[in-house]
Amino acid sequence: MIEARHLRVLRAVASTGSFSAAGRELGCTQPAVSQQMKALESSVGTPLLVRTGREMRLTQAGEALVRHAAGIIAGLTAAEEEVAAIAGLRAGRVRLVSFPSGSSTLVPTALAALRAAHPGTRVSLEEAEPPNSVELLREGDCDVALAFRYEGAAGAEEWDDLVVRPLLTDRLVALVPDGHRLARTEGSVAIGELARESWIAGCPRCRGQLVEVCEGAGFSPRIDFATDDYPAVVGLVGAGLGVAVLPQLAVESVRPRGVRTVALEPAVRREIVALTLLDLAQVPAVAATLDELARAGARQSAAR
């Protein structure tokens, strides 16, 4: 019989490449890791690792088991959490991953409400942009991932294997300096009107979307500056060094000074969602987190 603890050790060995490194990651000794791997190989009746010098390489059977390990461990976690809640422990743990502008807008409101309603639930937060955040979820390294995808974007991620909780629809807006010729425009502006401007690009995902939208309007943006830091984008625009296009949620996550936001045509929107695995969606603490994130998204939309 395959034991969950053995699967966790196998994943650690596969990711680190050695028994000693896996032991350090798991907080146990190298001999203990070796013994658990021998027990696992005995259980499945076939070698899972090939020892090449100091490094370990997965066999075909090992690769198959690692591939299924995340789902197995997620299912066991779901069972443990649900049983604990039914038994009246009123406890839970949720590992949340979010992209930065979600971390500073949606997440604080949601987690404050969650703590007030369920003080025994512990939530940890890490930041990662999609698709990395989605991959962390699929690999079993988090329980809930905040992610986004642009409407109609080429190569948009498929989430058919995940539980998708829509939070809000976020529109891209242009940022121009206060003294810009379009700063006090009423209504929307065609993005082609910014074709001759210097551009400040945001995160890699937004940067790719910017280029795609501009090329669709018949021009390639001249990107003079690029930064993943939204306040830096706003600061560069405010200093008159160029214009930018950012998601509205990103603008709301900072205090824009010296800039004006301008609605763009054609409208470009991104769908912001909370994702989890099917088994994890049944865990009370995860379900409560999804509910509070959805309420935070609704409040954010209503405030616009």
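Residue numbers start at 1 and run along the sequence shown. Side chains included, hydrogens not; waters and symmetry mates left out as well; all remaining heavy atoms used.
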Nearest 0.5 Å, what's the [atom1]-[atom2] distance between [X] and [Y]?
{"X": "Glu193", "Y": "Thr185", "atom1": "CD", "atom2": "OG1", "answer": "7.0 Å"}
{"X": "Leu111", "Y": "Leu106", "atom1": "CG", "atom2": "CG", "answer": "10.5 Å"}
{"X": "Phe19", "Y": "Gln35", "atom1": "CZ", "atom2": "CD", "answer": "10.5 Å"}
{"X": "Tyr150", "Y": "Arg269", "atom1": "OH", "atom2": "CZ", "answer": "13.5 Å"}
{"X": "Leu194", "Y": "Phe219", "atom1": "CG", "atom2": "CZ", "answer": "6.5 Å"}

Salt-bridged, [X] to [Y], with N to O below 4.0 Å?
{"X": "Glu265", "Y": "Arg171", "value": "yes"}
{"X": "Arg304", "Y": "Glu252", "value": "yes"}
{"X": "Lys38", "Y": "Glu41", "value": "no"}

Measure the shortest side-chain to side-chain distance between [X] and [Y] over non-hydrogen atoms and say whether it is less than 4.5 angstrom.
{"X": "Arg165", "Y": "Leu293", "value": "no"}
{"X": "Met37", "Y": "Met56", "value": "no"}
{"X": "Asp178", "Y": "Arg260", "value": "yes"}
{"X": "Leu65", "Y": "Leu40", "value": "yes"}
{"X": "Leu125", "Y": "Val107", "value": "yes"}
{"X": "Glu126", "Y": "Asp141", "value": "no"}
{"X": "Ser220", "Y": "Val211", "value": "no"}
{"X": "Leu146", "Y": "Leu167", "value": "yes"}

Tell me whether [X] contacts the main-chain N or O of [Y] through its side chain, where contact means a donor paired with an acceptor under 3.5 Å.
{"X": "Ser301", "Y": "Gly297", "value": "yes"}
{"X": "Ser34", "Y": "Pro31", "value": "no"}
{"X": "Arg11", "Y": "Glu139", "value": "yes"}
{"X": "Asp170", "Y": "Pro247", "value": "no"}
{"X": "Thr276", "Y": "Asp143", "value": "yes"}
{"X": "Ser198", "Y": "Asp224", "value": "no"}

Has Arg181 got more than 12 heavy atoms of other residues, nucleotides or ligands less than 6.0 Å from its CZ?
-> yes
Is atom CZ of Arg122 surrounded by more than 12 heavy atoms (other residues, nucleotides or ligands) closer than 6.0 Å?
-> no
For Thr16 and Glu25, test the side chains for any donor-to-acceptor distance below 3.5 angstrom and give the result as yes or no.
-> no
Give the cluster check for Val163 versus Leu280: same hydrophobic cluster or not, with ILVMFWY residues linked at side-chain heavy-atom distances below 4.5 Å.
-> no
Please lay out, stage by stage, how Leu136 and Arg95 fare under the test side chain to side chain contact (heavy atoms under 4.5 Å, CB included).
-> CA-CA 11 Å; Leu136 288 172; Arg95 298 167 298 165; over 6 Å; no
Working for side chain to side chain contact (heavy atoms under 4.5 Å, CB included), residues Arg138 and Leu162 = CA-CA 9 Å; Arg138 288 193 173 110; Leu162 303 173; 4.0 Å; yes
Start with the C-alpha distance between Trp159 and Val273, add both sets of side-chain angles, then the distance that settles side chain to side chain contact (heavy atoms under 4.5 Å, CB included), and finish with yes or no.
-> CA-CA 11 Å; Trp159 297 331; Val273 301; 3.4 Å; yes
